[in-house]
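Down below is the structure, laid out as structure tokens.
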Amino acid sequence: QVQLVESGGGLAQPGGSLRLSCAASGGTFSNYAMAWARQAPGKGLEWISGIYADGSDTYYADSVKGRFTISRDNAKNTLYLQMNNLKPDDTARYSCAARYGATMGDRLSEYNYWGQGTQVTVSS
């Protein structure tokens, strides 16, 4: 019922920054809690951040806390992930996900809708 399309990935140097966007359509965006997850080469899918449907609370995995910031603009039906002080270990494909409801958690199984992902590569 909701389609998600990520953008903003690319190549960054260590210590650099990127901002990812996730555009939602086909549903009422403000009814969905949202999350970002990533999958590095040869690794499993890792939940990294989530945000309540109204943006009132946010959560982060320890691996990104203090460097990444999740936000949303419900008027624009868009979710964002600002990534600062990037590290080579941040290299992964980043996907956004949606869960119908006001709150979110860190369990990947909670999310019913997923985008196709956008590649982030951090290398010097």
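Predicted, not measured: the structure shown is a model, and the values here were computed from it. Atom set for the values below is all heavy atoms of this structure, side chains included, hydrogens, waters and symmetry mates excluded.
For CD of Gln82, the number of neighbouring non-hydrogen atoms (other residues, nucleotides, ligands) closer than 6.0 Å is greater than 12. Within 6.0 Å of OH in Tyr100 there are 12 or fewer heavy atoms belonging to other residues, nucleotides or ligands. No more than 12 heavy atoms of other residues, nucleotides or ligands sit less than 6.0 Å from atom CD of Gln1.
Note that CD1 of Ile48 and CD1 of Ile70 are 8.0 Å apart. Values are rounded to the nearest 0.5 Å. Rounded to the nearest 0.5 angstrom, Glu6 CD and Arg93 CZ are separated by 7.5 Å. The CZ atom of Arg72 lies 11.5 Å from the OG1 atom of Thr58; values are rounded to the nearest 0.5 Å. The line from CG of Leu81 to OG of Ser21 is 9.5 Å long, rounded to the nearest 0.5 Å. A distance of 9.5 Å separates CG in Leu18 from CG in Asp90, rounded to the nearest 0.5 Å. Atom CG of residue Asp106 and atom CD of residue Glu46 lie 11.0 Å apart, to the nearest 0.5 angstrom.
Counting heavy atoms from C-beta on, the side chains of Gln119 and Thr91 come closer than 4.5 Å. Taking the side chain as every heavy atom from C-beta outward, Tyr111 and Met104 approach each other to under 4.5 Å. A 4.5 Å side-chain heavy-atom check between Leu20 and Val120 finds at least one atom pair inside the cut-off. Looking only at side-chain heavy atoms (C-beta outward), Leu79 and Leu4 stay at 4.5 Å or farther from each other.
One hydrophobic cluster, built from ILVMFWY side chains closer than 4.5 Å, cannot hold both Trp114 and Ile51; they sit in different ones. Hydrophobic cluster membership differs between Tyr80 and Val2, with clusters built from Ile, Leu, Val, Met, Phe, Trp and Tyr side chains linked at under 4.5 angstrom. Both Val64 and Val122 belong to a single network of hydrophobic side chains, linked directly or stepwise wherever heavy atoms of I, L, V, M, F, W or Y lie under 4.5 Å apart. In this structure, Leu86 is a member of the same hydrophobic cluster as Tyr60, with clusters built from ILVMFWY side-chain heavy atoms closer than 4.5 Å.
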### Task
Please step through side-chain contact (heavy atoms from CB on, under 4.5 Å) for the pair Phe68 and Trp36, ending with a clear verdict.
CA-CA 11 Å; Phe68 292 8; Trp36 288 98; over 6 Å; no
### Task
Walk me through it: do Met83 and Arg67 pass the test side-chain contact (heavy atoms from CB on, under 4.5 Å)?
CA-CA 6 Å; Met83 304 185 295; Arg67 300 187 298 119; over 6 Å; no
### Task
Determine, step by step, whether Gln3 and Gln116 satisfy the side-chain contact (heavy atoms from CB on, under 4.5 Å) criterion, reporting the C-alpha distance in whole Å, the side-chain angles of both residues, the deciding distance to 0.1 Å, and the verdict.
CA-CA 10 Å; Gln3 292 79 47; Gln116 84 289 347; over 6 Å; no
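The heavy-atom pair separating Ala53 from Gly101 by the smallest distance is CB-O, 3.7 Å. For the pair Ala33 and Ala102, the tightest heavy-atom approach, listed with the atom from each and the gap, is CB-O, 4.1 Å. Nearest approach of Met34 to Ala98, heavy atoms of both residues: SD-CB, 3.5 Å. A pairwise comparison of heavy atoms in Gly115 and Ser95 identifies O-OG, 4.1 Å as the closest pair. When all heavy atoms of Ser30 and Asn74 are compared, the pair lying nearest together is CB-ND2, 3.6 Å. Of all the heavy atoms in Thr78 and Phe29, the pair that sits closest is N-CE2, 3.5 Å.
Using a 3.5 Å distance cut-off with no hydrogens or angles, the side chains of Arg38 and Tyr94 do pair a donor with an acceptor.
Ring geometry for Tyr59 versus Tyr52: interplanar angle of 30 to 60°, hence tilted.
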